[in-house]
Amino acid sequence: MALNFRSVKLSNWQIALFIGTPLAIGLGTYMYRKMNATTGGEEKKRTKGKIEKQATSIDGTAPDKEQERKQKSAELGEKLSPVKEANSYKNEGNNCYRNGKYDEAIIFYDKAIDKCPPENGTDMAIFYQNRAASYEKLQKWSKVKEDCSSSLTYNRRYAKAYFRRARAHEATKDMLECLKDVTATCILEMFQNNQSIMYADRVLKETGRVDAEKHMRDRVPVVPSTSFIRTYLQSFVADPLQTMNVPPSTMADTPARGFLRAHSAFREEKFDEIIPACTEEIESSESESQYKVEALLLRGTIHLLCGTYTESEQDFDAIIGNADADDTIRAYAYLKRASLFMQVNKREEALADFEAAEKLKPDNADVYHQRAQILLLLDSIEPALEQFEKAIRLAPNHAIAYVQKCYTEYRLALISNYQLRLEGVVRKLEQAIEQFPTCVECYSMLAQVMADQQNFQQAQQYYDKAMKLAPTNASLLVHQAVMTLQWRGDVDSAINTLNKAIELDPKCEQAYETLGTVEVQRANLKHAVELFEQAIRYSKSFEEVVHSYSLRNAAIAQINVTKDLGIDMNAISAMNQLSGTGM
Ligand SMILES: *[C@@H]1O[C@H](CO)[C@@H](O)[C@H](O)[C@H]1NC(C)=O
Ligand SMILES: *[C@@H]1O[C@H](CO)[C@@H](O)[C@H](O)[C@H]1NC(C)=O
Ligand SMILES: *[C@@H]1O[C@H](CO)[C@@H](O)[C@H](O)[C@H]1NC(C)=O
Ligand SMILES: *[C@@H]1O[C@H](CO)[C@@H](O)[C@H](O)[C@H]1NC(C)=O
């Protein structure tokens, strides 16, 4: 994430505007629409009515007044039917429950279940559900699960029973089952209950995190696209690997070896030739090697970009541990190890490495700029601004640092709701374009601010200019696709643009993730799952991987649950096709 924080952070921020922050909400929108459509609204009314009732009582059953009235009349000598008798036991149970006497409550619910004719299924479901509530208070989790399951055999669309069973599954760390049940709850409640949605969101993040941890351990390294590597390299102004003058090969007939060969591959953007050439340098004998530390820095950088973090860290460690190495090289080893630490979610270590780099090279603009990017990523906006300002003081012509500073000011102006400052920032960005007319970042940043301000036409013009300068930059296309959705709600055009982005850069994580989210909205859950899996493969940082897994898991859970609940996804998709909003 630290590598391409600009694009990732901004696009997620835009996607959030479009979909709504909690993961489950975005994924639920279509379901809400479609279930209304399939059931002609009747389903909705029924379910909603149930939710309201549940909200008025502590344990998810209807208010007891009616039953109490009936019970009174029973005391006056009327003969109760079995189901009424069962309900009066339930009411006794509810009283005990309210007074914290859970064991006694259970005994009454036992009697209610005993008495209740099995054909009165709705009542039976409530009795089991209430008994489960008591067991939950006593933390008897397997009993809770058993009773919820019995409840659901009588009423398979009883949201409250799913929700309670979800909590029992969480208590026993059966997170997949928990996810399934909370997803069922959200679907049955038509994604209208904030409490369930927030719970689903938390479970998705947690299960996403577990999957991501495993993935990071056995991930397959991927050399990223040239455009991605360029974006990363352009964020440095004084990286010795990019500024150094390497003498050309002395004899034309002997091909360059070791670091010289690696460096010319680096210049020519032949990124997969770099690592072996660096290794050649690093493994050569002391006497014939002049560029050992440079080779370590370059190899570590490429490993970092490919996500081979162990190897990357070893190379940076070797430089940092070598007190004789040049201070500039050591400072950059710290800076790059800091990004690495961010990728694997070690924030404290990352910040400590920035400190160390600053000690070595207090006048280096990259130290402050790189740190500013990380701080912005961590939402430490004011400290980030301070760091951007230091970077620009040291390197006044650092266009990327400059527009990022403007963007940070924009964020601050938004937070403080300060219109004047907002206008000032927009003017600054416009001036930046005049000052740096070839800087892609200037145009794309201004475009994003314009889109954010609903000034879509102008945003499109800036994107067009950015595309002229960087026609192979897939990330620019992703941004435009998201804007198209915000602007016109034009799903087909957004999908076209996203597919173009994938064609341009088949490793563009953002494009897969965004397309996956759009496919979820169109009820193409299976395709969405495949797209999220691609996103996972090409994600660089732990946080990105967590996010993609959360989305994937949400989609899988919805596939499973709709199947179990008997909601026909094919019918839904077919309807989509008929109404022209589908595939
Ligand atoms: C219980 O079931 C019986 C038989 O199906 C039915 O006649 C009766 O109305 C039901 N009672 C309630 C309260 O649902
Ligand atoms: C849902 O609840 C959360 C946390 O209590 C709150 O921040 C959020 O604004 C609520 N959202 C809605 C749609 O009510
Ligand atoms: C690619 O586009 C993104 C914005 O979407 C921008 O931040 C980045 O600097 C661009 N990279 C290159 C190499 O043009
Ligand atoms: C969904 O169903 C598949 C196949 O039955 C299963 O392997 C998977 O664990 C389920 N996932 C969830 C989140 O329910």
Side-chain angles (χ1 to χ4, degrees), residues 3-11 13-14 62 66-67 70 80-88 90 115-127 154-155 166 169 174-184 200 203-204 207-208 210-211 224-235 269 373 399-401 403-404 407 436 438-448 451 459 462-463 465-483 501 504-505 508 510-511 514 525-526 529 549-550 552-564:
L3 294 179
N4 60 346
F5 96 92
R6 283 161 282 143
S7 35
V8 167
K9 181 75 183 179
L10 291 179
S11 79
W13 171 64
Q14 285 198 328
E66 172 76 356
Q67 296 296 341
K70 285 183 182 161
L80 284 178
S81 74
V83 66
K84 281 181 183 158
E85 198 179 338
N87 269 295
S88 68
K90 181 202 78 175
K115 203 77 207 171
C116 186
E119 61 269 25
N120 291 99
T122 314
D123 298 80
M124 203 63 136
I126 290 171
F127 304 153
Y154 286 101
N155 177 2
H169 283 310
D174 296 310
M175 294 311 284
L176 266 188
E177 291 301 313
C178 171
L179 175 58
K180 226 173 135 177
D181 280 348
V182 73
T183 302
V203 173
L204 284 170
T207 53
V210 172
D211 287 339
S225 71
T226 303
S227 174
F228 178 86
I229 298 179
R230 271 189 212 148
T231 304
Y232 174 70
L233 295 174
Q234 278 172 8
S235 71
E269 300 189 327
Q373 294 189 339
I400 292 178
V403 289
Q404 287 178 355
Y407 172 69
F436 309 109
T438 57
C439 175
V440 176
E441 189 85 8
C442 289
Y443 296 98
S444 86
M445 213 55 118
L446 191 50
Q448 287 182 58
Y462 288 121
Y463 277 131
K465 287 183 184 158
M467 286 303 292
K468 279 218 179 84
L469 288 169
T472 58
N473 188 335
S475 157
L476 282 171
L477 287 174
V478 177
H479 285 267
Q480 288 177 76
V482 172
M483 188 180 83
L504 258 182
D505 176 4
C508 184
Q510 291 174 291
T514 312
L525 290 174
K526 288 222 166 85
V529 169
Y549 266 114
S550 303
R552 183 202 70 151
N553 292 350
I556 292 180
Q558 288 195 20
I559 291 174
N560 288 2
V561 167
T562 47
K563 202 167 69 195
D564 291 357

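Computed from a predicted structure; not experimentally measured. We use all heavy atoms of the structure for the numbers below, so side chains are in, but hydrogens, waters and symmetry mates are not. Position 1 is the first residue of the sequence; numbering continues from there. Note that ligands are numbered from 1 as they come in the structure, with each ligand's atoms numbered from 1 the same way.
- With hydrogens left out, the protein atom closest to atom 13 (C) of ligand 1 is Val83 CG1, 4.0 Å, a heavy atom.
- Cys439 and Ala399 make their closest contact through SG-CB, 3.8 Å (heavy atoms, listed as atom of the first residue, atom of the second, distance).
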For this session: Starting from the C-alpha separation in whole Å, work towards a yes-or-no answer on salt bridge (Lys or Arg N to Asp or Glu O under 4.0 Å) for Asp564 and Lys180.
Result: CA-CA 10 Å; Asp564 291 357; Lys180 226 173 135 177; 3.1 Å; yes
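- For atom 11 (N) of ligand 1, the nearest protein heavy atom is under 4.0 Å away.
- Ligand 3 has an N or O atom lying under 3.5 Å from an N or O atom of Glu441, backbone or side chain.
- Rounded to the nearest 0.5 angstrom, Glu269 CD and Arg230 CZ are separated by 4.0 Å.
- The shortest N or O to N or O distance between Asn120 and ligand 1 is under 3.5 Å.
- Atoms of ligand 3 lying under 4.0 Å from any heavy atom of His479, numbered from 1 in the order shown and given with element: 5 (O).
- Near Gln234, with a cut-off below 4.0 Å to any heavy atom, the atoms of ligand 3 are 13 (C).
- Distance screen at 4.0 Å: atom 5 (O) of ligand 1 has a protein heavy-atom neighbour inside the cut-off.
- In this structure, Ile556 counts as a contact residue of ligand 4, since one of its heavy atoms falls inside 4.0 Å of the ligand.
- Residue Ala470 has at least one heavy-atom neighbour below 4.0 Å for each of these atoms of ligand 3: 14 (O).
- For ligand 3, the atoms closer than 4.0 angstrom to any heavy atom of Ser475 are 2 (O), 3 (C), 4 (C), 5 (O).
- For Thr231, a nitrogen or oxygen atom sits less than 3.5 Å from a nitrogen or oxygen atom of ligand 3, counting backbone and side chain alike.
- Of all atoms in ligand 4, numbered sequentially from 1 with element shown, those under 4.0 Å from a heavy atom of Lys180 are 14 (O).
- Contact of the Glu441 side chain with the Gln234 side chain is not registered, since no non-hydrogen atoms from C-beta on lie closer than 4.5 Å.
- Scanning Asn473, Val403, Val440 for the heavy atom closest to atom 2 (O) of ligand 3 points to Asn473.
- The line from CZ of Phe436 to CD1 of Ile400 is 10.0 Å long, rounded to the nearest 0.5 Å.
- Put simply, the side chain of Lys90 reaches to within 4.5 Å of the side chain of Ile126, judged on heavy atoms.
- Residue Glu119 approaches ligand 1 through these ligand atoms, each under 4.0 Å from one of its heavy atoms: 2 (O), 4 (C), 5 (O).
- Considering each of Val561, Asn560, Leu176, the one bringing a non-hydrogen atom nearest atom 1 (C) of ligand 4 is Asn560.
- Between Ala86 and Phe127, the shortest heavy-atom distance links the atoms CB-CE1, 3.7 Å.
- In this structure, Asp123 CG and Lys84 NZ are separated by 11.0 Å, a value rounded to the nearest 0.5 Å.
- At least one donor-acceptor pair closer than 3.5 Å links the side chain of Ser550 to the backbone N or O of Leu204.
- Contact of the Cys508 side chain with the Val478 side chain is registered, since non-hydrogen atoms from C-beta on lie closer than 4.5 Å.
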